[in-house]
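Remarks on the structure that follows.
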Amino acid sequence: MEQTPKHNTESMKRANEISIYKLMVVGILISILGVYLRFAGDSTTLSIVSWVILFVGSIVACKGVFKILAA
C-alpha cells in the first residue's frame, strides 16, 4: 500500500505563493547591497549604514522564510 502525497493542501498552496518568494528576493538584494557598501569605502558612517542595511535585508529575507515555515 503506497501513500500518495497530498499536494493540494492549504499549507502547500500558501508555501507556494509568489509573494513570499518576491519578499525573500528583495531581502537578499538588500543584504547584497549592504555587503557591497561594507567594502566600498573606509568611513565609519558608511560602515554603520551598511551594517544597518545588511541587518534590514536579513530580517526581510528571514520574514519570508518564516512565512513559508508557518504554512
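Everything numeric here is computed off the predicted structure, so don't read it as measured data. Position 1 is the first residue of the sequence, and the numbers go up from there.
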* Asked: For the residue pair Gly57 and Ser31, what are the closest heavy atoms and their distance?
  -> C-OG, 3.1 Å

Same cluster for [X] and [Y] if Ile/Leu/Val/Met/Phe/Trp/Tyr side chains link at under 4.5 Å?
X: Leu37; Y: Val26; answer: yes
X: Val49; Y: Val35; answer: no
X: Tyr36; Y: Leu46; answer: yes
X: Ile20; Y: Leu69; answer: yes

* Can you measure from CD1 (Ile53) to CD1 (Ile30) and round to the nearest 0.5 angstrom? => 9.0 Å

* Asked: Roughly how far apart are Ile28 CD1 and Leu33 CG, rounded to 0.5 Å?
  ->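 Interatomic distance, Ile28 CD1 to Leu33 CG, rounded to 0.5 Å: 14.0 Å.
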
* To do: State whether the side chain of Ser50 and the backbone N or O of Ser47 hold a donor-acceptor pair below 3.5 Å, judged by distance alone.
  => yes

* To do: Could you tell me which residues satisfy side chain to side chain contact (heavy atoms under 4.5 Å, CB included) with Ser19, sequence neighbours excluded, listed by chain and number?
  => Glu17

* Determine, stepwise, if the pair Met24 / Ile68 fulfils side chain to side chain contact (heavy atoms under 4.5 Å, CB included). => CA-CA 10 Å; Met24 287 174 50; Ile68 291 174; 3.9 Å; yes

* Which residues pass the ring pair (Phe, Tyr, Trp, His ring centres under 6.0 Å) test with Phe55, sequence neighbours left out? ->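 Trp51.
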
